[in-house]
Amino acid sequence: MDFVDQVKAFASTIPTKLNSIKTEEATKHFLIMPFIQQILGYDAFNPNEVMPEYDANVGASTSYKLDYAIFKNSQPAILIECKRYGTDFKNDREWSQLFAYFMATEARIGILTDGVNYKLYADLEKPNKMDKTPFLELDLLNLNESAIRELYKLTKSAFNIDEAITAASELKYVGGIKTLLKKQVEAPSDEFVKYFFKELCPGNNFVGQLKSEFTGYTQRAIKEFIREEIETLLDEAAGRSKTKAETVNPEPEIKPEPIIKQPEFTDDEREGYYILKSVLRQVLDPARITYKDTASYCNILLDGNTWKPIVRLHFNNPSCKKLEMFSIDSNGNRVPDKVSIDNLNEIYQYAEKFKAIVASYEQPQAV
């Protein structure tokens, strides 16, 4: 049985015990000691490995002692502070007790638990000073296999303090970044949106309607990026599976039917489109700026009208991007003008020309 299955089997026995557990001592005896023995692999009945009621010499008081200290090379390496099952760990008092014991020893890993929820701490921010936030949390009633695999690094057979601290650091900060990113996906902050705005709209003020619109653009872009990355990973996985299956049991080759490739709205075209909306919002409602993608170019239109093209984005050749702009001559004919650009920011150089093109479409037509 591997470690993940071992933890799952252990966790499956917990619900039948919970109704009978009313005290801290019962929590320790029926939940935490078995966890130390069966899951972490330390001998809870060997004082050279696990010391209950460990005296951490916290100040002058001897009335408070740490519930368990796990030893490595005759020194306390992991400290465990136990609370009655169901304790609300939002109370800083529970954390502060373990914090005090932590500072009084050379241990670098601390665990706060009620026998079901395990919060694991380290001194990643300041040496010998336990962090305020845990680097790993494990809920035995709601198991997470990734958390179980990280817990394995603290077992007797795998424990190495340097490796454990390195893993703790990665877990804490990668997890923190993921949490922050999730918040930005759900509700992007002004500072987060402003970073993209400054990159894509230099010279414009991040205020008013443009600020509101760009917040929406940012949120949509993040969600589309995540979806596209997931689709790519799934496609890659499906491709690998298909390749493996074909190797094991090759099928007769069947010539596929010709496929007509549909136009793809590329990242550069999307960015160019948003730049156009940003520029032209000064003279009209950005919602009137639309696009129609073709195999050769992306057509930016006024009011979705193919008779009112503003610019065609010829971006299919990454080494030679071109803008094809249209103006109206005195006879009412559209006159194309192609210019090459090296990067998308150069689109801003033609802002006045785009405004003039739009203005020409807005002029009353002669009867």
Exercise. Only one of I32, L18, T113, I14 clears side-chain contact (heavy atoms from CB on, under 4.5 Å) with Y85; which?
Worked result: L18
Exercise. Is the shortest side-chain N to carboxylate O distance from K183 to E186 below 4.0 Å?
Worked result: no
Problem set entry | Test: R220 and E224 ion pair at under 4.0 Å | yes
Exercise. Of all heavy-atom pairs between L151 and L138, which one has the smallest distance, and what is that distance?
Worked result: CD2-CD2, 3.6 Å
Exercise. When rounded to the nearest 0.5 angstrom, what is the spacing between OG in S340 and NE2 in H314?
Worked result: 10.5 Å
Exercise. What are the two closest heavy atoms between C82 and K28, and how far apart are they?
Worked result: CB-CG, 3.7 Å
For this session: Decide, yes or no, whether a salt bridge links K83 with D114 under the criterion of side-chain N to carboxylate O below 4.0 Å.
Result: no
Exercise. Would E49 and K156 pass as an ion pair if we require N to O under 4.0 Å?
Worked result: yes
Problem set entry | Hphob cluster co-occupancy, Y195 + I222, side-chain heavy atoms under 4.5 angstrom | yes
Exercise. What is the minimum heavy-atom distance between G115 and L140, and which atoms define it?
Worked result: O-CD1, 3.8 Å
For this session: Give a yes or no answer on whether the side chain of E137 reaches the backbone of A147 with a donor-acceptor pair at less than 3.5 Å.
Result: no
Problem set entry | pair D337-L323: side-chain heavy atoms closer than 4.5 Å | no
Exercise. Parallel, tilted or perpendicular for Y274 and Y217, by the 30°/60° rule?
Worked result: parallel
For this session: Hey, can you tell me if F197 and F214 have their rings parallel, tilted or perpendicular (30° and 60° cut-offs)?
Result: perpendicular
Exercise. Is there a donor-acceptor pair closer than 3.5 Å between any side-chain N or O of D131 and the backbone N or O of T133?
Worked result: no
Exercise. Linking I/L/V/M/F/W/Y whenever their side-chain heavy atoms sit closer than 4.5 Å, directly or via other members, would I109 and Y173 fall into one cluster?
Worked result: yes
For this session: Decide yes or no on side-chain contact (heavy atoms from CB on, under 4.5 Å) for L280 and K355, but give the supporting numbers first.
Result: CA-CA 6 Å; L280 293 173; K355 293 175 185 177; 4.0 Å; yes
Exercise. What's the verdict on side-chain contact (heavy atoms from CB on, under 4.5 Å) for K292 and T306, showing C-alpha distance, side-chain angles and the deciding distance?
Worked result: CA-CA 9 Å; K292 182 176 178 60; T306 54; 4.3 Å; yes
Exercise. Hey, is K321 close enough to E346 for a salt bridge, meaning N to O under 4.0 Å?
Worked result: no
Exercise. Above 12 or not: heavy atoms from other molecules or residues under 6.0 Å from CD of E106?
Worked result: no
Exercise. Between atom CD1 of I275 and atom CG of L344, what is the distance when rounded to the nearest 0.5 Å?
Worked result: 5.5 Å
Problem set entry | Nearest-0.5 Å distance that lies between atom CG in L154 and atom CD1 in I39 | 13.0 Å
For this session: Could you walk me through whether V358 and R288 pass side-chain contact (heavy atoms from CB on, under 4.5 Å), step by step?
Result: CA-CA 11 Å; V358 169; R288 296 180 62 191; over 6 Å; no
Exercise. What are the two closest non-hydrogen atoms of A44 and Q37, and how far apart are they?
Worked result: N-OE1, 2.7 Å
For this session: Measure from the side-chain N and O atoms of N305 to the backbone N and O of W307, and report whether any donor-acceptor pair falls under 3.5 Å.
Result: yes
Problem set entry | Full working for side-chain contact (heavy atoms from CB on, under 4.5 Å) between I70 and Y68 | CA-CA 7 Å; I70 295 177; Y68 297 102; 5.5 Å; no
Exercise. Under 4.5 Å between any side-chain heavy atoms of F192 and Q219, yes or no?
Worked result: no
For this session: For the pair N144 (side chain) and S146 (backbone), establish whether a donor and an acceptor sit closer than 3.5 Å, ignoring hydrogens and angles.
Result: yes
Exercise. Does the gap between the ring centers of F99 and F102 come in under 6.0 Å?
Worked result: no
Problem set entry | Intermediate values then yes/no, salt bridge (charged side-chain N to carboxylate O under 4.0 Å, His left out), D123 and K129 | CA-CA 5 Å; D123 57 348; K129 186 176 181 180; over 6 Å; no
For this session: Side-chain contact test, heavy atoms from C-beta onward, threshold under 4.5 Å: evaluate it for I300 versus Y273 and give yes or no.
Result: yes
For this session: Report, as yes or no, whether the 6.0 Å neighbourhood of atom CD on E228 holds more than 12 heavy atoms from other residues, nucleotides or ligands.
Result: yes
For this session: Return yes when atom CZ of F196 has more than 12 non-hydrogen atoms of other residues, nucleotides or ligands closer than 6.0 Å, and no otherwise.
Result: yes
Exercise. In the single-linkage hydrophobic clustering (I, L, V, M, F, W, Y; side-chain heavy atoms under 4.5 Å), do V283 and I310 co-cluster?
Worked result: yes
For this session: Could you tell me the separation between the CG atom of L66 and the CG atom of L98, rounded to the nearest 0.5 Å?
Result: 7.0 Å
Exercise. Are L141 and F35 co-members of a hydrophobic cluster defined by side-chain heavy atoms under 4.5 Å apart?
Worked result: yes
Problem set entry | Side-chain touch S157/Y152, heavy atoms, less than 4.5 angstrom | yes
Exercise. So, for I78 and F159, which heavy atoms are closest and what is the spacing to 0.1 Å?
Worked result: CD1-CE1, 4.1 Å
Exercise. Under 4.5 Å between any side-chain heavy atoms of K153 and E163, yes or no?
Worked result: no
Exercise. Would the number of heavy atoms belonging to other residues, nucleotides or ligands and lying under 6.0 Å from CG of N19 be above 12?
Worked result: no
Problem set entry | Charged N-O contact under 4.0 Å between E191 and K194 | no
Exercise. Going from CG on L313 to CD1 on I341, what distance comes out if it is rounded to the nearest 0.5 angstrom?
Worked result: 8.0 Å
Problem set entry | Any L301 side-chain heavy atom under 4.5 Å of K308 side chain | no
For this session: Considering only NZ, NE, NH1 and NH2 on the basic side and carboxylate oxygens on the acidic side, decide whether D190 and K211 come within less than 4.0 Å.
Result: yes
Problem set entry | Residue K178 excluded, over 12 heavy atoms near NZ under 6.0 Å | no
Exercise. Does any non-hydrogen side-chain atom of E213 lie less than 4.5 Å from one of K277?
Worked result: no
Seminar exercise, completed: Residues L171 and F135: closest non-hydrogen pair is CB-O, 3.5 Å
Problem set entry | Polar side-chain atom of S169 near backbone of I165 as donor-acceptor pair, under 3.5 Å | no
For this session: First locate atom CG of L124, then atom CZ of R108, and finally report the distance between them rounded to the nearest 0.5 Å.
Result: 7.5 Å
Problem set entry | Hydrophobic cluster identity match, L40 and F10, side-chain contacts under 4.5 Å | yes
Problem set entry | Residue pair D293 / C298, side-chain heavy-atom distance below 4.5 Å | yes
